[in-house]
Trainee: 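There's a structure below that I have some questions on.
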Amino acid sequence: MATLRGDVGGLELENPVMLAAGILGTTGASLRRAALAGAGAVVTKSIGIEPRDGHPGPGIVHLGVGLLNAMGLPNPSYREFQEEIDIGRTGGSPVVASIFGSSPEEFVEVAGGLDADAFELNLSCPHAQGYGAEIGCHPGDVEEITRAVVREKSVPVWVKLTPNVADIVALGLSAERGGATAVVAINTIKAMAIDVESGYPILGNRVGGLSGPAIKPVAVRCVYDLHSALSIPVIGVGGISCWQDAVEMIMAGASGVQVGSALSGGLDILKSISNGISRYLDRKGMALADLSGLAGRQR
Amino acid sequence: MATLRGDVGGLELENPVMLAAGILGTTGASLRRAALAGAGAVVTKSIGIEPRDGHPGPGIVHLGVGLLNAMGLPNPSYREFQEEIDIGRTGGSPVVASIFGSSPEEFVEVAGGLDADAFELNLSCPHAQGYGAEIGCHPGDVEEITRAVVREKSVPVWVKLTPNVADIVALGLSAERGGATAVVAINTIKAMAIDVESGYPILGNRVGGLSGPAIKPVAVRCVYDLHSALSIPVIGVGGISCWQDAVEMIMAGASGVQVGSALSGGLDILKSISNGISRYLDRKGMALADLSGLAGRQR
Amino acid sequence: MRPSPVRIVEIIEETSTVKTIRFDSARLDPLPGQYMMVWIRGVDEIPMSFSGPSEMTVAAVGEATRALFRLRPGDGLGLRGPYGNGFSLIGDRILLIGGGVGAAPLAFLGDVARHKGIEVTSLMGFRCSEDIIFKRRFERLGELILTTDDGSSGIPGRVSLGLERLDPDRFSQIYICGPELMMWDVIERWKDHAGKMQASVNRHFKCGIGICGSCCMDPTGIRVCQEGPVIPAVQLLEGEFGRYRRGPSGSRGPPRG
Amino acid sequence: MRPSPVRIVEIIEETSTVKTIRFDSARLDPLPGQYMMVWIRGVDEIPMSFSGPSEMTVAAVGEATRALFRLRPGDGLGLRGPYGNGFSLIGDRILLIGGGVGAAPLAFLGDVARHKGIEVTSLMGFRCSEDIIFKRRFERLGELILTTDDGSSGIPGRVSLGLERLDPDRFSQIYICGPELMMWDVIERWKDHAGKMQASVNRHFKCGIGICGSCCMDPTGIRVCQEGPVIPAVQLLEGEFGRYRRGPSGSRGPPRG
Ligand SMILES: Cc1cc2nc3c(=O)[nH]c(=O)nc-3n(C[C@H](O)[C@H](O)[C@H](O)COP(=O)(O)OP(=O)(O)OC[C@H]3O[C@@H](n4cnc5c(N)ncnc54)[C@H](O)[C@@H]3O)c2cc1C
Ligand SMILES: Cc1cc2nc3c(=O)[nH]c(=O)nc-3n(C[C@H](O)[C@H](O)[C@H](O)COP(=O)(O)OP(=O)(O)OC[C@H]3O[C@@H](n4cnc5c(N)ncnc54)[C@H](O)[C@@H]3O)c2cc1C
Ligand SMILES: Cc1cc2nc3c(=O)[nH]c(=O)nc-3n(C[C@H](O)[C@H](O)[C@H](O)COP(=O)(O)O)c2cc1C
Ligand SMILES: Cc1cc2nc3c(=O)[nH]c(=O)nc-3n(C[C@H](O)[C@H](O)[C@H](O)COP(=O)(O)O)c2cc1C
Ligand code: FES
Ligand code: FES
């Protein structure tokens with residue numbers, strides 16, 4: 001079978017299929033489990049300065065076309081999280097710490113307090129006041145925060161972007177200027193669901209972020225646009241539920257992919273996606289590198 | 001059965017379920033057919049200054065979660081379209097002319113050249129260079145174009161907004177300041193699909209706009225936010241495929257709804273949605289006005 | 001329902017401007033008269049009738065069809081479909097009336113009918129003898145009457161001349177496919193029998209799924225891509241058929257052929 | 001899989017802090033041991049075991065459960081589920097060991113077992129006689145041994161005292177639900193029989209669909225909301241069970257009860 005080994009955003013991975021941030025990433029054991037299940041790398045739940053319980057429930061609604069969530073960045077704070085990262089690493093795949101903050105200083109404090117194989121800056125969560133997309137939609141802030149973390153850490157720094165803007169490429173270019181090793185696209189899309197019986201917004205936080213199959217075409221588009229404009233690698237995430245989706249994302253320009261919502265079907269999906277990519281490459285007689293960005297070259 | 005008659009965006013409609021722009025809106029006969037099938041109002045294909053053939057095919061791809069399209073605003077120009085509007089009107093429902101242009105002057109020329117029951121300004125099509133969302137993502141342009149058309153015409157002027165921005169409410173407020181009678185939300189979301197076998201982007205235009213069930217949660221959110229901030233009515237469109245979807249959109253704050261992609265299942269959906277709303281109101285002992293914006297009041 | 005990838009397995013040059021392209025998907029299972037949307041990658045997507053369970057017969061007329069002509073066995077295409085309403089077989093003695101490449105779906109219909117033991121008569125018109133396609137195929141189905149505009153083969157003149165050799169009362173159902181003015185002419189001449197005639201109508205298709213409106217016909221707004229392309233002739237007597245058709249922009253123009 | 005709307009049809013006050021809430025949806029068809037996510041509109045969403053095919057038995061402990069307590073017949077709730085793995089019935093002589101409101105899913109299991117002709121013995125512990133629930137229901141199932149911490153009814157002391165009256169070899173399977181330290185105590189004492197014990201485990205659930213990670217348990221990262229809540233006791237001997245549990249933020253804290 002075609003090897004999937006290679007560099008993704010500055011990490012040497014066994015395969016380019018990763019566990020996305022916030023998915024089964026709360027505990028070290030769960031991160032390890034995902035690694036053992038076949039994830040080339042695992043990204044933690046986003047970690048911040050202080051412990052947060054998250055929003056009241058429902059935190060998640062399964063809509064037919066995807067998931068809607070507003071967890072509210074629950075996390076035990078970086079002070080309690082190093083042990084989980086260490087346990088996670090025993091799974092044999094790199095552990096990427098997803099971190100968030102409300103300012104460059106907070107990002108630096110969290111990153112400084114954690115030892116991980118790479119950092120992913122959550123500048124894109126759409127449902128936590130003062131964090132995520134609220135900062136991440138301003139190119140200047142993205143650049144400044146990226147630069148601050150890059151200066152602090154010697155491991156790869158990825159910047160996770162929000163699609164809730166007119167121009168995601170401008171954000172990607174800011175991350176690039178700030179020194180990011182890679183960008184990750186996309187986080188969830190601002191959305192809402194209302195209970196038709198009662199009129200109540202279903203999420204405890206009323207509004208939240210859409211993920212899953214519904215957003216895949218949007219993610220593919222963002223990855224395509226970012227790959228066309230940036231010189232750093234793009235990691236694709238959004239709605240990947242089978243190997244074909246992963247191939248599509250890679251053709252759009254992704255060097256690696258992350259899988260989130262599809263994990264609700266079980267962890268086997270990780271291996272089934274990477275096996276599918278291998279078999280596809282075998283059938284086509286191609287290497288992974290040939291596939292990446294193919295859509296931009298087909299005219 | 002509960003009456004659905006009422007004012008929607010300055011038009012007195014038999015029911016608030018309308019045909020969305022660009023859906024079966026190329027010919028007068030087709031508009032009339034939609035009216036006879038139960039549409040409370042019908043919106044035409046977007047009409048511009050000069051005839052356009054549209055983008056090369058595929059112009060549309062049916063993804064599992066919705067439709068992806070890049071028709072490219074094909075239209076015979078306003079000079080050839082009055083007859084279609086006149087035929088459309090024989091269906092008994094108001095005909096709303098959707099129009100586009102690249103400047104206030106072009107909008108005014110098109111609006112000035114057409115006699116319709118209302119105008120819907122397409123400031124939101126995501127896949128035609130120099131038109132639609134390219135202009136419609138700038139609040140200043142939205143306000144200026146709206147004002148220009150409002151000055152020219154004495155019928156209601158609706159402004160159709162793009163969700164491909166960080167803040168759709170800012171666009172809505174611009175439309176309101178410009179004198180719009182109502183805003184219509186949302187147009188399609190920028191998206192893309194790639195053929196996994198060949199690596200070719202499927203759409204002839206490579207990138208396009210996502211509609212259908214995938215975008216409903218995004219549309220609901222936009223309508224909710226707009227309704228909370230604006231004093232003019234909001235018309236909801238995006239992924240409505242059954243009466244429950246329409247009720248959800250109305251609860252979010254819509255005074256009326258438009259149906260697009262779901263018409264691929266046939267025109268009966270129009271009547272089935274309005275009947276469903278009626279029966280719901282009967283069961284709840286509510287009037288349509290009680291429903292509108294209910295989500296904002298349930299706390 | 002993305003375009004399904006297929007590979008071309010065989011290309012048959014029927015004439016200098018018509019080729020039959022056979023592909024490797026056996027799962028489409030179309031009815032005669034149904035069509036597919038054919039995506040020529042990087043070029044365009046166009047509607048094509050099935051001329052057999054996994055083949056189409058294409059006349060090169062413009063950019064997309066010429067691009068199809070440049071493909072070789074082994075090359076790929078994307079197909080959506082089968083779409084639309086096919087012909088419905090009625091009775092045990094049918095007549096097929098075709099013009100030019102319109103013969104393609106009728107040949108497929110004839111094959112299916114013959115297989116069911118239905119008696120098939122064919123009347124096919126072409127511009128000249130070099131343009132004739134499927135002669136052997138129609139002959140194998142039953143009686144074949146040929147016309148050519150230039151008289152180089154069969155009855156000299158338009159298809160409608162061939163009508164004079166036939167008694168419409170003999171047939172349980174009549175199927176027509178060809179240039180619109182030819183179909184219009186046939187329907188007009190045999191108007192009294194319109195109740196048993198089905199025509200495959202050609203309009204500008206953009207979506208194929210009944211949503212964009214580009215294929216709608218006056219006066220009823222019928223969506224040819226969904227409620228057609230095969231339409232009972234009685235529905236074609238009033239309205240735009242034979243009078244005008246809309247182009248890609250939606251502007252009205254003359255009917256073709 | 002949005003929360004399905006149901007209406008409360010009946011509320012039974014079991015004790016001053018425990019109510020059984022019966023709702024009108026008959027379509028859920030849960031297995032005993034499965035749970036639902038209960039959305040109290042405008043308040044929160046919390047996991048609740050089924051104490052019958054369309055009922056839950058709730059102890060008021062905090063904001064959401066107290067909000068549930070304020071509801072009246074006719075009021076609405078949103079339910080997702082049934083979710084998770086229920087108890088699997090094995091053999092023909094089973095023992096139910098419950099503590100407090102943990103009696104709820106066991107009573108449901110007992111009903112189903114009894115209906116299948118399985119012999120049911122119950123050992124139930126409560127803090128005091130006022131806290132006892134489902135006494136009649138368990139008695140109808142078979143032998144019931146009661147314990148109360150304050151000795152106001154049954155055997156005085158913890159549930160584990162009751163174990164001494166029972167011979168584990170008599171039972172084909174043993175089912176446990178209650179405060180974690182009580183379950184831990186039972187499993188430890190009867191460790192040699194862990195192979196035939198199933199426990200319903202309580203963790204902090206946020207999603208219920210196996211995606212958020214809030215319910216994951218060390219050392220394997222098992223998702224209690226999906227692979228539980230009923231877990232074979234052998235899987236609980238090593239790791240966090242009985243030692244710590246994570247709260248809503250993911251911080252570790254003491255196990256409860
Ligand atoms: C339901 C249906 C079934 C069809 N089946 C077949 C078939 O089996 N074989 C076949 O060869 N063709 C068939 N066609 C016609 C075919 O779709 C067109 O010939 C094709 O779209 C032309 O594309 P082009 O880019 O090559 O030409 P264009 O560049 O689009 O046009 C070149 C010339 O052809 C004319 N033209 C464009 N579209 C059509 C059209 N739909 N019909 C006739 N003339 C057209 C143009 O007006 C122009 O004069 C069918 C059409 C429909 C609607
Ligand atoms: C699978 C499963 C099945 C359950 N079945 C039942 C049932 O049948 N009946 C029932 O009454 N309860 C059941 N619970 C527990 C129930 O979900 C909690 O009591 C409830 O979430 C508390 O919410 P609250 O807002 O009222 O309390 P909170 O305000 O969240 O907490 C109040 C107090 O209760 C404690 N608490 C919070 N969550 C839990 C918990 N999950 N378990 C124990 N203590 C908790 C808190 O630490 C705090 O001390 C079940 C839990 C799970 C995971
Ligand atoms: C329940 C849930 C929690 C999430 N939490 C985080 C998070 O903490 N940090 C983050 O950057 N993204 C978070 N995300 C976003 C995902 O990492 C991912 O970007 C998004 O879900 C799209 O991918 P998917 O469609 O494969 O799920 C979360 C998504 C879900 C569904
Ligand atoms: C094929 C197609 C063509 C469209 N053409 C137009 C258009 O011309 N003008 C416009 O304002 N919106 C156009 N739209 C957008 C729709 O009016 C609508 O805003 C969008 O599809 C979301 O609604 P839906 O999910 O119900 O389809 C088009 C949508 C589709 C699918
Ligand atoms: S081709 Fe689009 S409606 Fe027929
Ligand atoms: S509650 Fe979310 S994974 Fe179990």
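Computed from a predicted structure; not experimentally measured. So that the names make sense, note that chain A is the first sequence line, chain B the second, and so on, each numbered from 1.
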Trainee: If I compare all heavy atoms of C:P3 with all of B:V61, which pair ends up nearest, and what's the gap?
Mentor: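 Nearest heavy atoms, C:P3 then B:V61: CD-CG1, 4.1 Å.
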Trainee: Does any part of the side chain of B:L67, heavy atoms only, come nearer than 4.5 Å to the side chain of C:M1, both counted from C-beta?
Mentor: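 No, too far: nothing below the 4.5 Å cut-off.
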Trainee: Taking all non-hydrogen atoms of both residues into account, name the closest pair between B:M71 and C:C212 and its distance.
Mentor: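 Answer, listing the atom of B:M71 first, then C:C212: CE-CB, 3.8 Å.
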Trainee: Roughly how far apart are C:C207 SG and B:L24 CG, rounded to 0.5 Å?
Mentor: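 One finds 7.5 Å between SG of C:C207 and CG of B:L24.
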Trainee: Assess the residue pair C:R246 and B:E84 against the criterion (salt bridge (Lys or Arg N to Asp or Glu O under 4.0 Å)); give the C-alpha distance rounded to whole Å, side-chain angles, the decisive distance to 0.1 Å, and a yes or no.
Mentor: CA-CA 12 Å; C:R246 290 180 173 85; B:E84 309 292 352; 2.8 Å; yes
Trainee: May I ask you to test the C:T220-B:S30 pair for a side-chain heavy-atom distance under 4.5 Å?
Mentor: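 Sidechains of B:S30 and C:T220: no contact.
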Trainee: Is it the backbone or the side chain of B:I87 that comes under 4.5 Å from a heavy atom of chain C, or both, or neither?
Mentor: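 Just the side chain, heavy atoms under 4.5 Å.
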Trainee: Does C:R127 CZ have over 12 foreign heavy atoms under 6.0 Å away?
Mentor: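 Open.
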Trainee: Which atoms form the tightest heavy-atom contact between B:G57 and C:D44, and what is the distance?
Mentor: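 Heavy atoms of B:G57 and C:D44 come nearest at N-OD1, 2.6 Å.
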Trainee: Give a yes or no answer on whether the side chain of B:D53 reaches the backbone of C:P248 with a donor-acceptor pair at less than 3.5 Å.
Mentor: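 No; judged by distance alone, with no hydrogens or angles, the pair does not exist.
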Trainee: Below 4.5 Å from any heavy atom of chain B, which atoms of C:E63 appear? Answer side chain, backbone, both or neither.
Mentor: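 Neither; nothing under 4.5 Å.
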Trainee: Test C:R2 against B:H62 for side-chain contact (heavy atoms from CB on, under 4.5 Å), laying out the working first.
Mentor: CA-CA 6 Å; C:R2 291 163 172 241; B:H62 200 143; over 6 Å; no
Trainee: Using 0.5 Å steps for rounding, measure from the NZ atom of B:K45 to the OG atom of C:S214.
Mentor: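 That separation rounds to 9.5 Å.
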Trainee: If you look at every heavy atom in B:A29 and C:D218, which pair is closest and at what distance?
Mentor: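 Taking B:A29 first and C:D218 second, the nearest heavy atoms are CB-OD1, 3.3 Å.
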Trainee: For each of B:L267, B:L263, B:N75, B:N69, tally heavy-atom pairs with chain C at distances under 4.5 Å, and name the one with the top tally.
Mentor: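 Highest number of heavy-atom pairs under 4.5 Å: B:N75.
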Trainee: Is it the backbone or the side chain of B:L63 that comes under 4.5 Å from a heavy atom of chain C, or both, or neither?
Mentor: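 Side chain only.
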Trainee: For chain B, which candidate among C:K206, C:M37, C:Q226 shows the most heavy-atom pairs at distances under 4.5 Å?
Mentor: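 When all of C:K206, C:M37, C:Q226 are compared, C:K206 has the most.
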Trainee: Heavy-atom distance under 4.5 Å to chain C: side chain of B:I47, backbone, both or neither?
Mentor: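 Contact with chain C involves no heavy atom of B:I47 at all.
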Trainee: Which bit of C:R223 comes within less than 4.5 Å of chain B, counting heavy atoms only: side chain, backbone, both or neither?
Mentor: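 Backbone plus side chain of C:R223, per the 4.5 Å heavy-atom cut-off to chain B.
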Trainee: Relative to chain B, which segment of C:R252 carries a heavy atom at a distance below 4.5 Å: side chain, backbone, both, or neither?
Mentor: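 It is both, since atoms from each part get that close.
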Trainee: Counting only heavy atoms not in C:E238, do more than 12 sit closer than 6.0 Å to its CD atom?
Mentor: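 Count not over threshold, so no.
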Trainee: Step by step, would you call C:C216 with B:T26 a side-chain contact (heavy atoms from CB on, under 4.5 Å)?
Mentor: CA-CA 8 Å; C:C216 292; B:T26 308; over 6 Å; no
Trainee: Just by distance, with hydrogens left out, do C:R41 and B:S198 show a side-chain donor and acceptor under 3.5 Å apart?
Mentor: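 Per modelled atom types, C:R41 and B:S198 side chains form a pair under 3.5 Å.
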Trainee: Which region of B:R206, side chain (C-beta onward) or backbone (N, CA, C, O), has a non-hydrogen atom less than 4.5 Å from a non-hydrogen atom of chain C, or is it both or neither?
Mentor: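 Neither the backbone nor the side chain of B:R206 comes within 4.5 Å of chain C.
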Trainee: Flag the pair B:E80 / C:S251 as yes when at least one side-chain heavy-atom distance between them is below 4.5 Å, and no otherwise.
Mentor: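 SC-SC contact between B:E80 and C:S251 confirmed.
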Trainee: Could you pull out the closest heavy-atom pair between B:R33 and C:G221, with the gap in Å?
Mentor: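 The answer is NH1-O, 3.0 Å.
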Trainee: Name the region of B:E50, side chain, backbone, both or neither, that has any atom closer than 4.5 Å to a heavy atom of chain C.
Mentor: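 Neither; nothing under 4.5 Å.
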Trainee: What heavy-atom pair brings B:P201 and C:W39 nearest, and what distance separates the two atoms?
Mentor: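 Smallest heavy-atom distance, with atoms named: O-CZ2, 3.5 Å.
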Trainee: List the steps, then state whether side-chain contact (heavy atoms from CB on, under 4.5 Å) holds for B:I60 with C:I211.
Mentor: CA-CA 10 Å; B:I60 203 158; C:I211 198 154; 3.6 Å; yes
Trainee: Between B:P56, B:P74, B:P58, which shows the greatest number of heavy-atom pairs under 4.5 Å with chain C?
Mentor: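 With the most close heavy-atom pairs to chain C, the winner is B:P58.
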